[in-house]
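Take a look at the structure set out below.
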Number of protein chains: 2
Amino acid sequence: MPPPSIAQILQDEILSGALPPGTPLSQADLAMRFGVSRIPIRDALAKLSATGLITASPNRTATVLKMTRDEVIEAYNLRLLLEGDLLARAIPQMTDSHLSAIGYALERSSLEARQSNWAEGDRMFHDAIYAAAGQPRQQAMVNDLRRICCIQIAGYNQLTRNTDRWLTDHQRLTNACRAGNLRRATRILRRHLNGARNHLLREMDRKTTRPA
Amino acid sequence: MPPPSIAQILQDEILSGALPPGTPLSQADLAMRFGVSRIPIRDALAKLSATGLITASPNRTATVLKMTRDEVIEAYNLRLLLEGDLLARAIPQMTDSHLSAIGYALERSSLEARQSNWAEGDRMFHDAIYAAAGQPRQQAMVNDLRRICCIQIAGYNQLTRNTDRWLTDHQRLTNACRAGNLRRATRILRRHLNGARNHLLREMDRKTTRPA
DNA sequence: TTATGTATACATGTATACAATCACGGAGGA
DNA sequence: TCCTCCGTGATTGTATACATGTATACATAA
């Protein structure tokens, strides 16, 4: 297995909350830290910028993405639209092979739920669900959106993440897929996303209204 | 006005068909051509890769995006989903200011319809339509998708683009917006996109089944 | 006080040189 | 004939050095 790329390492640190939103990413500092020149750092930052994890402007040091309230709302609107469509395409196409893969992903994600890389488990679970839709680009777009949502969440208290409800939602979603019940699955997904969005918005308000 | 960036120049050439799908983009060649070193070329290629206009792999020379049949279908599925949603959000929010901007964009795009940069006029028109939705990220995603669809179109005969129908569809879409008729606007959009997709798929089949 | 100009420090953008990797073709052997 | 195994040329990846642009602080003038 090749060593993880610089971009991958930085992404993990951003998603885990080690580099909270707004953190400046100086090319020289990163070059020093990774023991390489600034060129590969620039490449890594370009990759992160492509997926939207950082904001980069010419002649300005890049920073970890910090979304406004409106941007969070739009991101969740998009997730609901894209994930709802994927669900509608996937469920009628699901085979036993798909379902067993979903079950496996559910277990895996449950084990990692309370660890620092819970986001990766979450991604794997949803990828398994949406695989049957056969729309890989759409899945990639959804994963990008989910990532930028995770950044904002990771910035706040890990304990406020409502892990229990998150787990039961995944379990119920899996059951609905096994039953082939699109309506129920869609309802669960919608409530899942709306809940996460509202939770995040409340956290954001709490932090901004009482800055210190 | 600043000189256009290297990435912008390359993008225009790709969209105009000067660099058809599959064309290799050698860093050394481009550096020679633009009279700069390979570093800014790498940056430009990274930007193009971010929007999906080129496919780049490590240690491999980048090439202009060449979509398969399935990828074209998925791209148009996504456009229909995202643009339909934008339309549904935009039309109820449209003010006189929005409508006049749409009218202006319609005229502008009509003038450029038969020129090489028709794609830019098309983008401006749809941006004007969707502006009232207030979902800038979603608009950006749609623009990226439209661009990668344009690449494939530009690769084939310009005369087969059905410019007349394209223009009348824009006119009818504008009328539906002025009337505030979402149902009709959605129907026009769906037919517009399905027509473009089928047209493109036919062209692709024609070229692949009779390669020479 | 407010605004403007300027100097300095720092971060990014770019050019050049070198190292690592890959594609291709030809030699050798089963 | 076909497959495998190198070598060679070409292409990309990286390090170093320099050029350019931006921000901050301070001095100066209205």
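Proteins get letters first, then strands, A, B, ... in listed order; numbering begins at 1 in each.
For A:R202, the side-chain hydrogen bond (donor to acceptor under 3.5 Å, both in side chains) test picks out no residue, with sequence neighbours left out. With sequence neighbours left out, the ring pair (Phe, Tyr, Trp, His ring centres under 6.0 Å) criterion links B:F125 to B:H170. Evaluation of the side-chain hydrogen bond (donor to acceptor under 3.5 Å, both in side chains) rule for A:D85 yields A:R89, A:Q138 as partners, not counting sequence neighbours.
Applying the side-chain hydrogen bond (donor to acceptor under 3.5 Å, both in side chains) test to every pair with at least one member in residues 19-29 of chain A, sequence neighbours left out, gives these pairs: A:Q27-A:R38. For the side-chain hydrogen bond (donor to acceptor under 3.5 Å, both in side chains) condition, the pairs that include at least one residue of residues 45-62 of chain A, sequence neighbours left out, are A:T55-A:T63.
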- In the 5'-to-3' direction, what one-character label does each nucleotide of nucleotides 8-15 of chain D receive under the scheme B = base within less than 4.0 Å of a protein heavy atom, S = sugar-phosphate only, - = no such atom? ---SBBBB
